Amino acid sequence: MEFSTLTSASLHQRTTQALAVGVFEDQQLSEAAEILDRASDGALRAVLQHEFKAKSGSQLVLRNVAGIKAERIVLVGLGKQEKYRPQVLSKAETAFAKYCLEASLTDAISALSSVDANHSTLRERTRLSAQALLGATYRFDQTLSQKADPITLKSVQIWVSPTLESEAQAGLQEGAAIGKGSNFTRLLADLPPNICTPTYLADQAKQLAKDYPSLKVEVLQRKQMEALKMGSFLSVAKGSVEPPVFIVIKHQPKAAADEAAPLVLVGKGLTFDAGGISLKPAAKMDEMKYDMAGAASVFGSMMAVAELELDQPVIGVVASCENLPSGTANKPGDVVTSMAGKTIEILNTDAEGRLVLCDALTYVERFKPAAVIDVATLTGACIVALGHVNTGLFSPDDGLAEELLAAAQSSGDAAWRLPLGDAYQEQLKSNFADIANIGGPAAGSVTAACFLQRFTEAYPWAHLDVAGTAWDSGSNKGATGRPVPLLVQFILNRQAQ
Ligand code: BES
Ligand code: MN
Ligand code: ZN
């Protein structure tokens, strides 16, 4: 799908199969809708008065409107003007794209991102539009005998004011990269665990390095991890015959100064989490194929960063293995020694994410990072706390937390900050090791983050718990691609500083 800008004032004279314009519930017309209404002798105002309420997410298609060259006008409801947020634009653009795809259209014009409301910039809005349009084309058919129909919608023109065209183009380019990265993340996460193994992820990383000249990839195997003394990570991998891998993907921009400190993304890459000896119940256990969604989001973000050829050095690190019960698996009561030298008492083998991540967080010290952000489907407790709406954000660094919240806000990829603190660290005391791997039932996502915090003293750090946001369950079961928009927005904002 190709995006371009369209700045013509005579929108009514443009030929296209479908032209989307946004309208609010108060019937106040957007600039584009106003142009069409005038050219059609009030056709838009008439339907708004009589049949279209413009509720957020609703659509009305008008065909062959007199005075309008477009074959169809798609009126897209934007809800209440005062409630207009990035999510509303994404939803509207997604609905329009779904309509075009369903109708097998080949070209379209969208004026949705030109609607200015609630202090967003045009660049932010065109970014969201491109991202949403691309997101709507995602189909998972890798393991279906019947392949999905090819995407017919090849070109979408985004209507914007001529004075802001370059801003709009920059947003479209960013949105296309984020959309592409998110779709890649969704694909990796949706793949079944018998295909998407740690080795498969390593191969995907190598492929990324072939596709993007700025990316260099290194894959560490068990032997090398043993030499690095990653005793905590390796204890999780012990129960499976699938070999663990430790993947490092470096984006090395040509323009960056050699001493520029990198941003580091660390992803939890459990390609399946059965819980180990502390076995999970059977219901929904299939969804634990998504326990590598954090890793998948690192892949997708690195793809977007490389696609945009950003000047900021970024390093993605993925620690990947399976967590299975077996005769060789780790056990409750085991004490293991992490790469940092701290000993850990494993009280529950299902709290494996932190055991894997702690060694990755120690490993990345060598990069002298400007900041490290780990992404993990870490705790069921995070779903209890925040549901499927917000990603859980933890950081002892107020500045970094604010930056991530700002990126979440403008990308529409919501996050909510949760606390850390010594009072919670108490819960991780062990009689037999430096630290226990669980802190009891209270504040489960906080104590998990507190565990990670012990391994992150060397750099500014934040943790994103995406247990509730990385995939949808039920009849819409499938990966969301979150938090790729948040992460890439954060990196873009850093680069702009
Ligand atoms: N991968 C799970 C967390 C999870 C569970 C994410 C369900 C999404 C949906 C993680 O490894 C885990 O099992 N965590 C335990 C921690 C507990 C044993 C302290 C959990 O949340 O139950
Ligand atoms: Mn687990
Ligand atoms: Zn897990």
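This structure is a prediction, so every number in the text was calculated from the model and none was measured. Counting convention: from 1, in listed order, for ligands and their atoms alike.
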Shortest-distance N/O/S atom, Asp273 versus the Zn ion (ligand 3): OD2

Starting from the Zn ion (ligand 3), look over the N/O/S atoms of Asp291 and name the nearest one. OD2

Assess [X] for proximity to ligand 1: is some non-hydrogen atom of it under 4.0 Å away?
X	answer
Lys268	yes
Trp471	yes
Lys284	no

Distance filter under 4.0 Å to [X] heavy atoms, resulting ligand 1 atoms:
X	answer
Ile383	8 (C), 9 (C)
Ala467	6 (C), 8 (C)
Glu352	11 (O)

Strictly below 4.0 Å, N to O, side chains only: are [X] and [Y] in salt-bridge contact?
X	Y	result
Asp374	Lys268	no
Asp286	Lys477	yes
Glu218	Lys250	no

Relative to ligand 1, is Asp273 under 4.0 angstrom through side chain, backbone, both or neither, heavy atoms considered? side chain

Determine the interplanar angle of the Phe451 and Phe455 rings, folded into 0 to 90°, and report it as parallel if under 30°, tilted if 30 to 60°, perpendicular if over 60°. tilted

Kindly assign one of parallel, tilted or perpendicular to the pair Phe299 and Phe184, based on the angle between their ring planes and the thresholds 30° and 60°. perpendicular

Heteroatom distance test ([X], ligand 1): nitrogen or oxygen, under 3.5 angstrom:
X	answer
Arg354	no
Thr379	no
Lys280	yes
Ile438	no

If you take the nearest heavy atom of each of Thr377, Asp350, Thr447, which one is closest to atom 15 (C) of ligand 1? Asp350

Option with minimal heavy-atom separation from atom 9 (C) of ligand 1, where the choices are Glu287, Met288, Met285: Met288

Quick check: do [X] and [Y] have side-chain heavy atoms less than 4.5 Å from each other?
X	Y	result
Leu487	Phe490	no
Val446	Gln427	no
Phe272	Asn194	no

Ignoring hydrogens, tell whether any protein atom lies closer than 4.0 Å to atom 22 (O) of ligand 1; use the non-hydrogen atoms only. no

Please determine whether Leu270 has a backbone or side-chain N, O or S atom lying under 2.8 Å from the Zn ion (ligand 3). no

Examine all N, O or S atoms of Glu352, backbone included, and report whether one is under 2.8 Å from the Zn ion (ligand 3). yes

Run the side-chain contact (heavy atoms from CB on, under 4.5 Å) test on Gln489 and Asn493 for me, step by step, so that the C-alpha distance in whole Å, both residues' side-chain angles and the decisive distance to 0.1 Å come before the verdict. CA-CA 6 Å; Gln489 183 72 54; Asn493 293 351; 3.0 Å; yes

Expected output: side-chain Gln495 to main-chain Gln312 donor-acceptor under 3.5 Å: yes

So does Asp350 have any N/O/S atom less than 2.8 Å away from the Mn ion (ligand 2)? yes

Verify side-chain hydrogen bond (donor to acceptor under 3.5 Å, both in side chains) between Glu242 and Thr271, making sure each step is shown before the conclusion. CA-CA 10 Å; Glu242 286 293 340; Thr271 59; over 6 Å; no

